[in-house]
Amino acid sequence: MSKNLRYLILLLIAGVTAVFAYFQLKSNSWTSTFENTATSSSCRTTDLNNDGILDIVLGAGTMENKASENGVIALNGKNGKVLWKVPCRNQIVGSAIFNDINGDGIKDVFIGGRSAQLLCIDGASGTVIWEYLKDFEGMDLRDTTMLNFYNSQFIPDQDKDGIQDILISFGGYVPAAPTDFNRPHGSLFVFSGKTGKQLVQFPMPDYKETYFSPAIYDFKKDGNPFILFGSGGETITGAFYAIRLTDLMNRSIDSAKVLASGRGQGFIATPVILDITKDDIADIIITSFSGRTMAIDGNTFDLIWTHRPKSYRVATNSTPAPVEVNNDGIMDFFCSYGEGVWNEFKATKQVVIDGKTGKELLQFNNRSNFLYSSPLVGDFTQDGKEDVLLSVNVTTGHRAVRDSAGQIETQEKYVTELLVFDLQQNSVFRLGDRDIGTNLCSTPLISDVNKNGKVEVLTCINSDGDNIFSAENLIIECRELPLNLKVIRWGAYMGSSYDHVY
């Protein structure tokens with residue numbers, strides 16, 4: 001066989017393979033659109049219809065402080081069709097966790113949101129099993145008992161009914177201006193997973209606000225785990241705490257140990273729990289809103305190292321992504337920051353921090369706008385080394401529009417895209433096409449939804465390219481990629497198991 005003929009055959013094979021991959025991508029991908037809807041929640045998956053394919057659950061809503069029929073949305077993972085929906089009185093901003101509490105073999109849904117919304121929903125039917133403040137009659141934004149529920153965690157059964165109970169944070173006072181420092185304090189709540197009965201309300205030890213979703217982990221391996229939680233916010237100082245579960249249940253506020261100070265701001269981003277000291281005891285990686293990333297020894301709770309970019313002012317709501325870069329056997333950490341001061345971010349920066357020393361290994365600069373979405377990890381280049389996936393929003397320029405008085409003004413146009421950071425080659429490329437619109441808060445999900453050996457990426461898009469905070473059309477997009485990620489070690493917000501643990 002001649003060299004040219006062999007070359008033509010290889011090209012033909014490559015072309016057929018590409019066409020096959022293209023149609024396979026199209027046939028196993030879908031989009032679902034919801035009018036007058038937006039989301040600050042992240043997609044979570046479980047099999048709701050017992051067909052062996054993972055289905056999608058997402059918190060949503062419309063504009064802040066407005067009711068919506070699209071509060072909690074469950075979608076068929078096979079085709080994106082609605083399985084059920086639950087209405088809301090305000091946005092459902094939390095992300096779901098799952099446990100079968102009614103014994104029907106289908107996991108039920110626990111999810112929280114603004115205006116003191118916390119629901120347990122039958123996973124099979126979408127019927128609400130129990131709800132906090134079920135007899136709610138009206139929304140008063142200045143009612144300090146109507147703060148927001150964020151992301152929950154399961155804890156060992158406290159009321160001895162055979163069902164894991166629910167730990168969740170409660171905070172955030174909507175009417176407060178950035179310069180208003182007199183705000184109601186946040187709390188941790190524990191609810192019965194089976195009945196929704198309130199078991200404990202535990203105030204922040206410093207009586208500051210909270211937006212932090214707590215974590216639970218048994219560092220001492222003695223059956224009495226620690227609760228990790230944070231206080232403070234964008235403009236209010238706070239702290240990062242640890243407390244034994246038994247002390248929390250006893251409301252022993254003085255037992256809470258300060259692990260780190262916010263130094264003028266608080267802790268919003270969730271932690272990562274994994275062993276970086278090689279002592280077989282998990283450690284803690286936590287980032288304050290001011291961009292200080294800290295490693296804390298899980299055995300002693302002593303500080304191991306601190307990193308903060310020195311050349312620019314940053315802030316972040318994003319959880320670091322654990323990914324090994326320098327091949328020293330210790331996970332490193334990819335962090336994403338908004339550049340500037342609170343509420344005036346015009347760009348983002350990303351750095352990779354050495355997990356052993358806390359020193360900066362890599363830095364990336366891009367023109368994307370500030371975002372709350374967190375980075376994920378997977379081998380998108382198929383070179384045997386993990387890359388980082390990050391959803392970003394980009395301003396494409398300006399266009400002329402007329403205001404209400406007929407005057408010409410310019411307005412930014414937004415698109416959202418998925419970036420892959422190839423950390424071995426120190427390069428960045430876009431995964432798929434750009435979409436008109438934005439994704440401000442929702443972290444994508446990497447999963448084999450269809451159970452066919454290929455990976456899907458689920459993203460949420462607000463289709464309004466003119467206003468990053470609007471609720472025009474919510475597009476939930478499932479894209480199958482011609483990739484085989486054998487192990488997805490950090491594929492969702494708060495980790496692949498939704499519990500902060502790597």
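As the structure is a prediction and not an experimental result, all values here were calculated from the model.
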Do [X] and [Y] touch side chain to side chain, with heavy atoms closer than 4.5 Å?
X	Y	value
Phe110	Cys120	yes
Thr235	Arg183	yes
Leu474	Cys460	yes
Val174	Ser115	no
Val455	Asp448	no
Asn151	Tyr498	no
Ile166	Phe154	yes

Rounded to the nearest 0.5 Å, what separates atom [atom1] in [X] from atom [atom2] in [Y]?
X	Y	atom1	atom2	answer
Ile168	Ser187	CD1	OG	12.0 Å
Leu431	Ser391	CG	OG	11.0 Å
Glu209	Ile268	CD	CD1	7.5 Å

Picking from Val449, Asn49, Ile106, Leu75, what satisfies side-chain contact (heavy atoms from CB on, under 4.5 Å) with Asp55?
Asn49

Hey, do the aromatic rings of Phe212 and Phe229 have their centres closer than 6.0 Å?
no

With sequence neighbours left out, write down each residue that passes ring-ring contact (aromatic ring centres under 6.0 Å, His included) with Phe301, or none if nothing qualifies.
Phe219, Phe226

For a quick test of reading the model, state the closest non-hydrogen atom pair linking Val377 to Pro322 and the distance between them.
CG2-O, 3.5 Å

On a heavy-atom basis, the closest approach of Ser318 and Pro375 is CB-CD, 4.4 Å

Going by the ring pair (Phe, Tyr, Trp, His ring centres under 6.0 Å) test, which pairs reach into residues 84-103, not counting sequence neighbours?
none

Salt bridge present between Glu131 and Arg89 (N-O < 4.0 angstrom)
yes

Taking atom types as modelled, is there a side-chain donor on Thr39 or Ser41 under 3.5 Å from an acceptor on the other?
no

Looking at Lys220, I want to see if its NZ is surrounded by more than 12 non-hydrogen atoms of other residues, nucleotides or ligands under 6.0 Å.
yes

Option from Asp297, Thr300, Asp283, Asn299 for which side chain to side chain donor-acceptor pair (under 3.5 Å) with Thr277 holds
Asp283

Classify the angle between the aromatic ring planes of Phe170 and Phe149 as parallel (below 30°), tilted (30 to 60°) or perpendicular (above 60°).
tilted

